[in-house]
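In what follows, residues are counted from 1 in the order of the sequence shown.
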Amino acid sequence: MSITSPHLGSSDAWTDARLLYALEEVVEKELNRHLKVAKDWMPHEYVPWADGRNFPGIFENGEAWDPEQSKVTDIGKIALVVNLLTEDNLPSYHHEIASLFGRDGAWGTWVHRWTAEEGRHGIVMRDYLLTSRAVDPDKLEQFRMAHMSEGFESDNRHSMLHSVAYVAFQELATRVSHRNTGHQSGDPVCDRMLARIATDENLHMVFYRNLLGAAFEIAPDLTMQSVRDVVVNFRMPGHGMPGFERAAAQMAIGEIYNMRIHHDDVLQPVLRYLKVLDIDGLGPEGLKAQEELGMYMGGLDSEASKFDEKLAARKARMAARAAG
């Protein structure tokens with residue numbers, strides 16, 4: 001794919017303010033497309049309220065939480081907590097993107113619409129977890145307080161292009177994590193709820209992916225450098241929550257989110273759709289970034305293959321123990 005930009009000029013001329021202005025029409029187009037295809041849904045319709053009962057507290061008949069009360073699998077519980085705590089930091093995410101993209105025009109309309117849609121995710125997941133008694137409600141609230149009290153600062157807050165590139169991948173990563181959590185949860189109600197959330201996340205990914213494609217059209221070298229930086233240094237937004245490293249390791253083994261999934265189902269689809277590694281006509285810095293991105297993806301694929309082998313060996317050992 002060859003990209004030309006008659007109004008490109010020097011890469012140094014592209015400030016965040018100029019990029020925001022240059023992409024305003026694309027944001028408006030993508031916003032209108034999003035509003036046509038996005039469907040409103042009611043969080044309360046996905047919660048099994050009939051399964052709910054009082055917890056101890058102001059209710060004398062409150063029933064204490066017990067791990068055996070939930071039908072959700074152990075890995076499902078771990079992933080649900082990670083996914084919910086990630087969604088809980090929405091106020092910080094809103095602050096980050098509102099500060100970067102602004103609150104006016106099409107950008108501002110998108111920022112507020114995105115925040116409103118994302119708000120449903122935390123609502124329905126918490127209601128489900130408490131009603132189905134999937135997790136300890138006291139610990140869940142303690143984790144929420146600890147996580148939100150730390151706030152959130154994006155690794156990419158220094159650059160509008162880096163931020164657009166990040167969310168293009170991160171929205172898809174979140175979609176994949178929610179969808180796989182539903183599959184592994186052991187509860188059809190949970191699976192349906194997370195499928196509904198994943199649909200939103202996919203639409204958000206499409207918005208940012210298309211915006212990233214437009215950025216390649218007007219500032220290919222800078223956009224390529226941003227994508228390279230984001231892919232090489234990618235971290236999920238929930239990385240600062242209590243116990244994240246241990247939970248992430250368990251989710252990797254449980255095949256909810258790991259290196260293979262990250263490579264095959266998150267990075268590759270976006271890069272392939274935008275033909276990022278096939279773009280030509282780049283300047284020296286853009287070409288260097290493209291080559292480094294290609295080498296990184298090759299290395300990640302190799303590392304993912306090693307992980308696949310270890311995971312297969314682990315499964316074989318567990319199967320042998322069960323058979324013995």
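Minimum interatomic distance between Q290 and D278 (heavy atoms only, all atoms of both residues): NE2-N, 3.9 Å. Across every non-hydrogen atom of P48 and T131, the tightest pair is O-CG2, 2.9 Å. Scanning all heavy atoms of the two residues, the minimum distance from W110 to H204 falls at CH2-CD2, 3.9 Å. Across L274 and G213, no two heavy atoms sit closer than the pair CD2-CA, 3.7 Å. Closest approach of V111 and T115 over heavy atoms only: O-OG1, 2.8 Å. Taking every heavy atom of both residues into account, L140 and L85 meet most closely at O-CD2, 4.4 Å.
In this structure, L211 and E30 have side chains that are not in contact, with every pair of non-hydrogen atoms separated by 4.5 Å or more. Residues F143 and D88 form no side-chain contact, since every pair of their non-hydrogen atoms from C-beta on lies 4.5 Å or further apart. Counting only heavy atoms from C-beta outward, the side chains of N89 and T86 never approach each other to under 4.5 Å. Under the 4.5 Å side-chain criterion, counting only non-hydrogen atoms from C-beta, T174 is not in contact with M205. L80 places none of its side-chain heavy atoms less than 4.5 Å from the side chain of V135. Counting only heavy atoms from C-beta outward, the side chains of D40 and R120 approach each other to under 4.5 Å. At a threshold of 4.5 Å between non-hydrogen side-chain atoms, the residues I279 and F216 count as touching. At a threshold of 4.5 Å between non-hydrogen side-chain atoms, the residues I218 and W14 count as touching.
Judged purely by atom type and a 3.5 angstrom limit, N258 uses its side chain to pair as donor or acceptor with the backbone of A252. Proximity of a side-chain donor or acceptor of Y166 to a complementary backbone N or O of R235 within less than 3.5 Å is detected. Checked by atom type and distance alone, the side chain of Q225 never pairs as donor or acceptor with a backbone atom of E285 at under 3.5 Å. Side chain of D301 to main chain of M297: no donor-acceptor pair is present (N/O by atom type, distance under 3.5 Å, no hydrogens or angles). A donor-acceptor pair is defined here as one N or O able to donate and one able to accept, closer than 3.5 Å; no such pair exists between the side chain of W107 and the backbone of L23. Not a single donor-acceptor pair under 3.5 Å links the side chain of T181 to the backbone N or O of G76. One N or O on the side chain of N233 and one on the backbone of D229 form a donor-acceptor pair closer than 3.5 Å. Side chain of S163 to main chain of N156: a donor-acceptor pair is present (N/O by atom type, distance under 3.5 Å, no hydrogens or angles). Remark: the backbone N or O of A173 is not paired with any side-chain donor or acceptor of S177 at under 3.5 angstrom.
Between F169 and Y208, the distance separating the two ring centers is not shorter than 6.0 angstrom.
Expressed to the nearest 0.5 Å, how far CD1 of I123 lies from CD of E118 amounts to 11.5 Å. In this structure, the separation between CG on N180 and OH on Y257 is 10.0 Å, given to the nearest 0.5 Å. Interatomic distance, D127 CG to Y46 OH, rounded to the nearest 0.5 Å: 14.0 Å. The CG atom of D221 sits 9.0 Å away from atom CG of L287, with the distance rounded to the nearest 0.5 Å. Note that the CE atom of M193 and the OG atom of S132 stand 8.0 Å from one another [nearest 0.5 Å]. Taken to the nearest 0.5 Å, the CG atom of N83 stands 7.5 Å off from the CD1 atom of I256.
Remark: D104 CG is loosely packed, at most 12 non-hydrogen atoms of other residues, nucleotides or ligands lying under 6.0 Å away. Atom CZ of R314 has 12 or fewer neighbouring heavy atoms from other residues, nucleotides or ligands inside a 6.0 Å radius. Other residues, nucleotides and ligands place more than 12 heavy atoms under 6.0 Å from the CD atom of E45. Counting non-hydrogen atoms of other residues, nucleotides and ligands closer than 6.0 Å to NE2 of H95 gives a total of 12 or fewer.
Residues F307 and M318 do not share a hydrophobic cluster, clusters being chains of Ile/Leu/Val/Met/Phe/Trp/Tyr side chains in contact below 4.5 Å. By the rule that hydrophobic residues join a cluster once side-chain heavy atoms approach within less than 4.5 Å of another member, Y21 and M160 end up as members of separate clusters. By the criterion of side-chain heavy atoms lying less than 4.5 angstrom apart, applied directly or through intervening Ile, Leu, Val, Met, Phe, Trp or Tyr residues, M148 is not grouped with V82; the two fall into different hydrophobic clusters. Taking hydrophobic clusters as Ile, Leu, Val, Met, Phe, Trp and Tyr residues chained together by side-chain heavy-atom distances below 4.5 Å, F244 does not share a cluster with M145. Hydrophobic clustering, with ILVMFWY side chains joined whenever heavy atoms are under 4.5 angstrom apart, keeps M295 apart from V232.
A salt bridge does not link R175 with E171: every distance from a Lys NZ or Arg NE/NH1/NH2 to an Asp or Glu carboxylate oxygen is 4.0 Å or more. Look at R260 and D265 and you find no salt bridge, because none of the NZ, NE, NH1 or NH2 atoms lies under 4.0 Å from a carboxylate O. Under 4.0 Å is where a charged nitrogen must lie from a carboxylate oxygen, and between R144 and E141 at least one such pair does. For R133 and D51, the salt-bridge test fails: no basic side-chain N is under 4.0 Å from an acidic carboxylate O. Look at K315 and E255 and you find a salt bridge, because one of the NZ, NE, NH1 or NH2 atoms lies within 4.0 Å of a carboxylate O, short of that distance.
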Practice problem: Walk me through it: do L203 and H34 pass the test side chain to side chain contact (heavy atoms under 4.5 Å, CB included)? | Solution: CA-CA 7 Å; L203 290 177; H34 176 83; 3.8 Å; yes
Practice problem: Walk me through it: do E292 and Y296 pass the test side chain to side chain contact (heavy atoms under 4.5 Å, CB included)? | Solution: CA-CA 6 Å; E292 291 175 348; Y296 177 82; over 6 Å; no
Practice problem: Report the C-alpha separation of E25 and K29 in whole Å, then their side-chain angles, then the decisive distance to 0.1 Å, and conclude whether the salt bridge (charged side-chain N to carboxylate O under 4.0 Å, His left out) test is met. | Solution: CA-CA 6 Å; E25 288 187 10; K29 174 186 173 183; over 6 Å; no
Quiz item: Can you list the steps and then say if K306 with E303 is a salt bridge (charged side-chain N to carboxylate O under 4.0 Å, His left out)?
Solution: CA-CA 5 Å; K306 293 177 184 177; E303 289 298 312; 3.5 Å; yes
Practice problem: Kindly determine whether H94 and H112 satisfy side chain to side chain contact (heavy atoms under 4.5 Å, CB included), including the steps that lead there. | Solution: CA-CA 8 Å; H94 175 84; H112 296 306; 3.5 Å; yes
Practice problem: Go through the steps for R113 and L35 under the test side chain to side chain contact (heavy atoms under 4.5 Å, CB included), then give the verdict. | Solution: CA-CA 9 Å; R113 173 72 188 198; L35 293 175; 3.7 Å; yes
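Cation-pi geometry between R209 and Y273 is met: the NZ or CZ atom falls under 6.0 Å from the ring centre, inside 45° of the normal. The side-chain tip of R33 does not point at the ring of F207 from less than 6.0 angstrom away and within 45° of straight on.
Side-chain atoms of D187 and Y128 form a donor-acceptor pair, as typed in the model, at a separation below 3.5 Å. Under the 3.5 Å distance criterion, with hydrogens and angles disregarded, no donor-acceptor pair is assigned to the side chains of S305 and E309. Checking D200 against H121 by side-chain atom types alone, a donor-acceptor pair falls below 3.5 Å. For the residue pair E87 / H178, a side-chain donor-acceptor distance below 3.5 Å is found, with atom types taken as modelled.
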